[in-house]
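A, B, ... follow the sequence lines: proteins, then strands. Residue 1 opens every chain.
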Amino acid sequence: MRGLSRLTLVEMKLFLREPMMAFFTLAFPLVMLLCFGTVYGNEPSDYFGGYGMVDVSVPGYAAIVIGMTGFLSLAMGITVYRERGVLRRLRMTPLRPYAVLLSQVAVLFLMTALGIGLLVVVAKLLYGMRFDGDVIGVLAAFTLSCLSFFSMGFVLAGVAPTARTAQIVGMALFYPMIFLSGATMPLEAMSDAMRQYVKVLPLTHVVTLLRGMWVGDAWGQHLTEVAVLGVLLVVGLVVSAKTFRWE
Amino acid sequence: MGDPREHRGGDTHTVTKRRSEVGAAVGGLRLAPARRPAMDRKPVVEIENLRKTYGSLVAVDGISFAVQEGEIFGMVGPNGAGKTTTIECIEGLREQDGGSVRVLGSDPHRDGYALRPRIGVQLQESLLQDRIRVWEALHLFAGFYPNSMDWDLLLEGLGLAESRNVAFAKLSGGQKQRLFVALALVNDPELVFLDELTTGLDPHARRAIWDLVIEIRKQGKTVFLTTHFMEEAERLCDRVAIIDQGRIVALDSPENLIRRFGAESRVVFTAEDGFEAQRLNGLTAVTRVERIGERVVVHGEGDELIVQVVNALSEGGVPIRGLRTEQSNLEDVFLALTGRAMRE
């Protein structure tokens, strides 16, 4: 337990010392919020069912943070540690292998939560963001989305031969999602056909689920999203258990 | 990397002497504790017919040996000889395809987690996180073990105290290796594994690391190391297993290996033109005399060679200059055993 907590603490410090990681998780969502918030403001609009641009964007930006930590930070972190032999060295200590992976998950989960937390606080203070959902529901949706994306990140880390490949594949998968999942360009701006197509992107389901929870939808209205993310989580765990490599 | 021949010239006595000098410098004036005779000591590592293959490549081809408590045991051989595979099977990082491995009485693969607190490991080509600081790494690793040493003392002892706040990426090669030694010692292990510890270090840093290894043994720990530097094995190891193409071709103390398999020794000196070198051929220990300009090279065998040559020269009253001896070393032993030089 002491080993796990020390490793998690060190990994957290290292995350914050890594300018790229810290920027994209903590600062980048704020930059997007400030840019779009300044341009569009947060006036209630019929287009968004009585909500403002910021109200609907914040859950979308939150989804981006989740996608980024899963597809980029986690997969990169694991593959870089594998390449450098950090995983091998940790395996030669009494620390159990699951603790090594758990510390990664814990750090990224906390950092994702921190990034989204900052986003929510700034949106609230600067733009008076509306929030009609219940906090428990949002936290549950956030946790499911994180775990689902983290398990896909583990698959990517297991399948990619090198850290470089993991990075390229992670970016290739993630970048289209930024624009097509409804995270930045609202789903309302897409044609009906387009809205059907983009459902193949896992992040679309995160955006839809988080936006729903934000405005107080019942879980029953989002069974599809929960099912898709749940299946991805389980499949991801099964596949990564088979493909994961320590060296 | 310097030519290994530069280091020639130390006979077995010089090697032992250097060893105790180094020990005294590191550990104050304290002398190494009297070593128990080999028969009293129990084996800490026992390998029986170890085999490991990767696909069709046979990395380790049925090797057997035992490492005794309190010794520095070395595996030497060229890159790709199977040293790292063997050490990683012993550490429990890999599972062998055949044969048995016992470490401190346990199976390192099955009882690995019971064994880990009792062993210290430095892995070849393993790095830490770039931005982790020296003290953080030690604090972290100390937290993994039920019992750990005061790592502040360890940092001091390894000359890292001033670098305690330095990030891993900013350390020099020698400092990184010393940090890995510190991490291998943080749990106060009985048995320490060092895999190619000095590869990539400059000669100065390498010598500093050698002092450390000797100091580790003085604390009563057993050291198992691999190296492809024959000189390193010769300086450090009590016993050496020479490994080539997955097999042990010889196992003994460096002194015995050189005596048994080493080529002849040589006495070299410079004499004036009038000197009749050929008359040294009459000496019993001499096998051959060469004259190259002013230089005379007397080839021969055994410890008697130098005594006979020096006696003959002083009796003859011949003025000579710059007399020195050249002893064969483990590189010569490897060449004699395998027919190939260590470095191709």
Against chain B, label A:V86 side chain, backbone, both or neither, depending on which of its atoms sit under 4.5 Å from a heavy atom there.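 Both parts, backbone and side chain.
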
Between A:E18 and chain B, which part of the residue has a heavy atom less than 4.5 Å away: side chain, backbone, both or neither?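 It is both, since atoms from each part get that close.
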
Between B:D188 and B:K221, is there a salt bridge with N-O shorter than 4.0 Å?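 Yes.
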
Answer yes or no: is there an ion pair linking B:E196 with B:K83, defined by an N-O contact shorter than 4.0 Å?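 Between B:K83 and B:E196 there is a salt bridge, with a charged N closer than 4.0 Å to a carboxylate O.
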
Region of [X] in contact with chain A, defined by heavy-atom distances below 4.5 Å:
X: B:Q129; answer: both
X: B:A142; answer: both
X: B:I119; answer: side chain
X: B:D130; answer: both

Looking at chain B, which one of A:R2, A:M1, A:E11 has the largest number of heavy-atom pairs inside 4.5 Å, strictly under?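 The option with the most such pairs is A:R2.
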
I need the single residue from B:F73, B:F224, B:F180 that forms a ring pair (Phe, Tyr, Trp, His ring centres under 6.0 Å) with B:F193. Which is it?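 Only one of B:F73, B:F224, B:F180 forms a ring pair (Phe, Tyr, Trp, His ring centres under 6.0 Å) with B:F193, namely B:F224.
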
Testing A:F142, A:F15, A:F149 one by one against A:F109 for a ring pair (Phe, Tyr, Trp, His ring centres under 6.0 Å), which residue passes?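 Only one of A:F142, A:F15, A:F149 forms a ring pair (Phe, Tyr, Trp, His ring centres under 6.0 Å) with A:F109, namely A:F142.
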
Between A:R84 and B:L128, is there a donor-acceptor pair closer than 3.5 Å when you use the side chain of the first and the backbone of the second?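 Flag set: sc A:R84 to bb B:L128 pair under 3.5 Å.
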
Would a distance-only check, ignoring hydrogens and angles, find a side-chain to backbone donor-acceptor pair under 3.5 Å from A:R17 to B:R131?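 Yes: the side chain of A:R17 pairs with the backbone of B:R131.
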
Any idea which of B:H139, B:E136, B:Q124, B:E91 has the most non-hydrogen atom pairs under 4.5 angstrom with chain A?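 Highest number of heavy-atom pairs under 4.5 Å: B:H139.
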
